[in-house]
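Here's the structure, in structure tokens; my notes come after.
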Amino acid sequence: MPRYDFKPVESRWQQYWDENQTFRTEDAVSEKKKLYVLDMFPYPSGSGLHVGHPEGYTATDIVCRYSRMNGLNVLHPMGWDAFGLPAEEHAVKTGTHPRETTNQNIATFKRQLKMLGFSYDWERELATTDPDYYRWTQWIFLQIFDTWYDSEYEWTGPDGVKRTGKGRPISELPIPSEVKSSGTEAVRRYQDKHRLAYVSDAPVNWCPGLGTVLANEEIIDGKSERGGHPVVRMPLKQWMLRITAYGDRLANELDPLTWSEAIKLMQRNWIGRSVGAEVDFKIVGDSASGGASAFRDQAQAVTLNAENAHGGLTPNRSPFPKEPAADTIRVYTTRPDTLFGVTYMVLAPEHPLVDKITTPEQKAAVDEYRTKASLKSDLDRTDLAKDKTGVFTGGYAINPVNGEKVPVWIADYVLISYGTGAIMAVPGHDERDYEFAKTFGIPIICVVQSEACLTRSREVAKESQADSDGTLCDSAPSRETNPLEQELPFTEAGTAVNSGKYDGLPTADFKAQITKDLEAAGLGKEAVNYRLRDWLFSRQRYWGEPFPIWHELDVDGNPTGLMRADTAESLPVLHPHMEDFKPTGTPEPMLAKATPEWLFKTDTDGVKLKRETNSMPQWAGSCWYYLRFCDNKNSTNFIDPAKEKYWLPVDLYIGGAEHAVLHLLYSRFWHKVLFDRGHVSTPEPFQKLVNQGMILGEPDENGKAEKMSKSRGNVINPDEVVKDYGADSLRLYEMFMGPLEQTKPWQMSGVEGVYRFLGRVWRMIVDERAETVKLADAVVDAAPSDEQLRVLHKTIKAVTDDIDRLSFNTAISRMMEFSNFMSSQEARPKLVLSQFVQLLSPFAPHIAEELWNVLGHPNTLAYEPWPTYDPALLVEDSVEVPVQFNGKLRSKIVVPANSDAAALEAAARADEQVQKNLEGKTVVKVVAVPGRMVNFVVK
RNA sequence: GCCGGAGUGGCGGAAUGGCAGACGCGCUGGAUUCAAAAUCCAGUUAGAGUAACAUCUAGUGCGGGUUCGACCCCCGCCUCCGGUACCA
């Protein structure tokens, strides 16, 4: 055979693998250990595969091929995340049905992936747009709809772990007697309010450009993540998923997972759990304020309690109410220890108490501010408008710890959607409150002292014995005039001052104590909040999963607010036929334009029903695809329980870091609901996660590499690379570029490099001058030399260890070293070459199969046992060891490999160079590490 | 701002306490060739030094520290990349 010609080789073996179903995976092979290796499945875009895709895909393919050779039963599937806007936007422009576009794109992607020789079991292929698939997406939605979260429930899962909190069937939701007595409709409404999937009327992010609402997570800097269209807030009835119920578990159950700490941290930050306290501030009545003075007594009672805080408390009032009373502002704070530093309060502009508290004099100003705030987009409210704005309402509330009257403002730096939508402002110890107070001239009180400040004050007190009242910081003095002054705001933990009986308490103790005291007095309570919001789950587009939900209509055809779910048997809910895919231009969903046959029906009991016309977001399909791969053809169940138990969890999941938060969080949430409802047996879907780094475009003349993008014109097309260098070279280069997880620039010259390497490997084995397939003359059937054997075994060890560490770039280096060595050998034993070809096969499977064949093995090497190394063969007789003087290299000596420290030192002292360096010096110490080095410490 | 990650030759990178720069690219020289491509061989951190070797000095973003010994560990900065942004 002539020179290395990848074209026939690659097509031959791809055909062979196809025809022989080489990578078809059997379920539940008991005698084999399982390994589930998953790629993040792609969105099949119209522009085809990007060189970023094969990076992760090659990495998993290497692991899979390697693991099969190690006797594991490997599940390695591929599918398509195929719902989404681009196909629909294309339909708007051309009238082509999104399904048609989607199928074309899938065909392109599949051809490109097959061309790269990945060892997927294509029998398991799926697309989220298949009715057979989204039937079960809808089914899972119904499970979520049928579930409420019992946060008190204690139970032990099939994994043997004890948990508090469980998603339970809605039928098990306890119904309060007053609800029950109001009739079945009231019960249904009560249940609907507690479901994990519920309809909410809260303001949402409507994106006119995309014609849909978006989740908070899909908005970046106030614009849509996709397309960068502006987003406005408006109230719309939308489906929400109660992911916040799982906040604790989503954060805590990250711990045992083999994910990078960075990604775990990102998820924890996204969930943003914080522990603090809710505290009630009573609104001051306008005139006689009997309520307020009564409250003053109560407040004093708290202070009193605090006095004997360490001597046991007597709860003296009713417990902290579940809902705040009508004349009460409830705030959430993580720093209840700063209650004595409160100088004003802020309500979010949307807060329901604003109308109540605003005085007639302030009404005009407040109304104006609220209107302005409501018109502001998120962009205006966050990024641009860093300057604090707000308006005084004219109203006051009473600080429960000291009975002081506190002015109440409204300001848009307080968000209605977080905590209670109201805050107590402590400008001395909060950056935002500080800025606000500075802007509006509100007093600033210091109630927490830093350690440094405290020490300083003690010293000064000792020296002068003058100033000792503890009031060490005020709002404005300069450091020069007052050495005790503390720079404000001081937001860290410290020691309490100006806090009555709590003075001197460290922040942590103070927090615990005051929370207890407030609770005892019925004025507050420990509370947990999440940055995470419930997941906005509906979109207004055509090309997404329809909801399996009906709305009841009254006799006039108006929705009653009551809902009915489709039965599991009636799924899937298919898309209606539509010709016109133009957006409605309003928040009215596309599906509302469907035919009446699709939209309406009358149920068996005569109730008229209208279909839900929202559709699910693209995330829905990707939330559970890893489950379906285990059993993609099951028509009676979303997954066979036995197969689920065998294959899950995913052992290795590789994909881009752009999904670090959203996809992974959503997926984990669904998985946990399914876990609670007994449909899956593991609490987490993905045991090990690795994020591949981004591949940048070719560096410019200044050596700067940028993100690949059409607009920059630096996109590398995998088709072109395969055409010029072959699939094996592309795979090898993608792995050789650098560490998998690192961002790195593409360099075509690097592809050339690995291509040349494959050519050298080819010539090492095949006689390229011969007309037919013929081994090179140097390839012999003889036994290897000791050196050849040692190099082979070193390579086996290195490549094996490197694959285990996913360190593919170094594995390839080691194979290059091997071929550099072996190519120069005049006699190359077949046995050694065969084992090397096996090492190469996970990386460059086509050429490896071909060479394996040429070396005389008739069958595929896909299941040949992975070579093992003999540690005894790795040991060299002698080693070269560096000799240092004061840590600096001065000489090298060759010693027997097993020399001990004494022998090492003796050999070093015998060395000519060493003796020269020893002249006139005093040896203080000698450090000799056998096999590593010798160091003379001299003076 | 906050939270992560990373800074090593001309370039991608290797070495996680013990010979800095493996492997590859590029470059230089040589072999082969009528010539080229391809291939093979040698060299390639910088500076000093030598006829040539030898040898010496400096060197892993910057400044300190720990250690017999630091790219590696610790402290303080700088730069770049990613995430996040009024979350009380």
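All values derive from a computational prediction rather than experimental measurement. To find a chain, count down the sequence lines: A is the first, B the second, and so on, and within it residues start at 1.
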Let me know the distance between [atom1] of [X] and [atom2] of [N], rounded to the nearest Å.
{"X": "A:R3", "N": "B:C40", "atom1": "CZ", "atom2": "P", "result": "12 Å"}
{"X": "A:E261", "N": "B:G83", "atom1": "CD", "atom2": "C1'", "result": "16 Å"}
{"X": "A:F757", "N": "B:C40", "atom1": "CZ", "atom2": "C1'", "result": "17 Å"}
{"X": "A:W270", "N": "B:C2", "atom1": "CH2", "atom2": "C1'", "result": "15 Å"}
{"X": "A:E435", "N": "B:G1", "atom1": "CD", "atom2": "P", "result": "14 Å"}
{"X": "A:N269", "N": "B:U84", "atom1": "CG", "atom2": "P", "result": "10 Å"}
{"X": "A:I271", "N": "B:C3", "atom1": "CD1", "atom2": "C1'", "result": "15 Å"}
{"X": "A:L664", "N": "B:G83", "atom1": "CG", "atom2": "P", "result": "15 Å"}

Tabulated below should be each protein N or O lying under 3.5 Å from an N or O of nucleotides 12-17 of chain B; please produce it.
residue, atom, partner, partner atom, Å
B:G12, O4', A:Q747, OE1, 3.4
B:G12, O2', A:M737, O, 2.6
B:G13, OP1, A:Q742, NE2, 2.7
B:G13, O3', A:N809, ND2, 3.4
B:A14, OP1, A:N809, ND2, 3.0

Closest approach of A:I765 to A:V779 (non-hydrogen atoms, all atoms of both residues):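 Smallest interatomic distance, heavy atoms only, reads O-CG2, 3.6 Å.
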From [options], pick the nucleotide closest to the side chain of [X]?
{"X": "A:K925", "options": "B:C19, B:C86, B:C68", "result": "B:C68"}
{"X": "A:R760", "options": "B:G24, B:U84, B:C68", "result": "B:G24"}
{"X": "A:S749", "options": "B:G83, B:C3, B:C25", "result": "B:C25"}
{"X": "A:E817", "options": "B:C86, B:U57, B:A22", "result": "B:A22"}

Which stems, defined as runs of 3 or more consecutive Watson-Crick or G-U wobble pairs with both pairing distances under 3.5 Å, involve RNA chain B?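 Stems found: B:1-7 with B:78-84, B:10-12 with B:23-25, B:26-31 with B:39-44, B:45-48 with B:55-58, B:61-65 with B:73-77.
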Kindly say whether the aromatic ring centers of A:F757 and A:F736 come within a distance under 6.0 Å.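 Judged by ring-centre distance (under 6.0 Å), A:F757 and A:F736 do not meet the cut-off.
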Given RNA chain B, 5'-ward residue of the pair A:N917 and A:Y332, judged by closest heavy atom: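 Upstream on the strand: A:N917.
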For A:M424 and A:L889, find the nucleotide of RNA chain B closest to each by heavy atoms; which residue's nucleotide sits nearer the 5' end?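 So the residue in question is A:L889.
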Sticking with atom [atom1], work out how far [N] lies from [M], rounded to a whole angstrom.
{"N": "B:G82", "M": "B:C86", "atom1": "C1'", "value": "22 Å"}
{"N": "B:G13", "M": "B:C81", "atom1": "P", "value": "15 Å"}
{"N": "B:U45", "M": "B:A22", "atom1": "P", "value": "8 Å"}
{"N": "B:C25", "M": "B:A14", "atom1": "C1'", "value": "15 Å"}
{"N": "B:C2", "M": "B:U67", "atom1": "P", "value": "32 Å"}
{"N": "B:G10", "M": "B:U16", "atom1": "P", "value": "24 Å"}
{"N": "B:G65", "M": "B:C72", "atom1": "P", "value": "14 Å"}
{"N": "B:G17", "M": "B:G26", "atom1": "C1'", "value": "33 Å"}

Inter-residue atom distance [X].[atom1] - [Y].[atom2], 0.5 Å rounding:
{"X": "A:E435", "Y": "A:D430", "atom1": "CD", "atom2": "CG", "value": "9.0 Å"}
{"X": "A:Q267", "Y": "A:R668", "atom1": "CD", "atom2": "CZ", "value": "5.0 Å"}
{"X": "A:W270", "Y": "A:R533", "atom1": "CH2", "atom2": "CZ", "value": "10.0 Å"}
{"X": "A:F281", "Y": "A:N399", "atom1": "CZ", "atom2": "CG", "value": "4.5 Å"}

Does [X] reach the side chain of [Y], with side-chain heavy atoms less than 4.5 Å apart?
{"X": "A:K892", "Y": "A:V883", "value": "no"}
{"X": "A:F340", "Y": "A:I445", "value": "no"}
{"X": "A:F808", "Y": "A:E734", "value": "no"}

Expected output: side-chain [X] to main-chain [Y] donor-acceptor under 3.5 Å:
{"X": "A:D433", "Y": "A:V426", "value": "yes"}
{"X": "A:T507", "Y": "A:G494", "value": "yes"}
{"X": "A:R712", "Y": "A:K707", "value": "yes"}

Is the phosphate of [N], meaning OP1 or OP2, less than 4.0 Å from a side-chain N or O of [X]?
{"X": "A:K916", "N": "B:C56", "answer": "no"}
{"X": "A:R268", "N": "B:G83", "answer": "no"}
{"X": "A:R756", "N": "B:C25", "answer": "yes"}
{"X": "A:S274", "N": "B:A88", "answer": "yes"}
{"X": "A:R763", "N": "B:C40", "answer": "yes"}
{"X": "A:R531", "N": "B:A85", "answer": "yes"}

Taking atom CZ of A:R814 as the centre, report whether more than 12 heavy atoms of other residues, nucleotides or ligands fall under 6.0 Å from it.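 Atom CZ in A:R814 is not crowded, with 12 or fewer foreign heavy atoms closer than 6.0 Å.
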Hey, can you tell me if A:W535 and A:Y666 have their rings parallel, tilted or perpendicular (30° and 60° cut-offs)?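 Plane angle under 30°, so parallel.
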Return the orientation label for the A:Y725 and A:Y755 ring planes: parallel under 30°, perpendicular over 60°, tilted otherwise.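 A:Y725 and A:Y755: perpendicular rings.
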Once you apply a heavy-atom cut-off of 4.0 Å, does [X] come out as touching a base, just sugar-phosphate, or nothing?
{"X": "A:I423", "value": "base"}
{"X": "A:R814", "value": "nothing"}
{"X": "A:N820", "value": "sugar-phosphate"}

For a quick check, tell me whether the side chain of A:K892 and the base of B:C19 share a donor-acceptor pair closer than 3.5 Å.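 It does, because a donor-acceptor pair links the side chain of A:K892 to the base of B:C19 below 3.5 Å.
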If anything within 90° of 0 is syn and all else is anti, what is B:G9?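 Nucleotide B:G9 adopts syn.
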N/O-N/O pairs, protein side and nucleotides 69-76 of chain B side, under 3.5 Å:
none

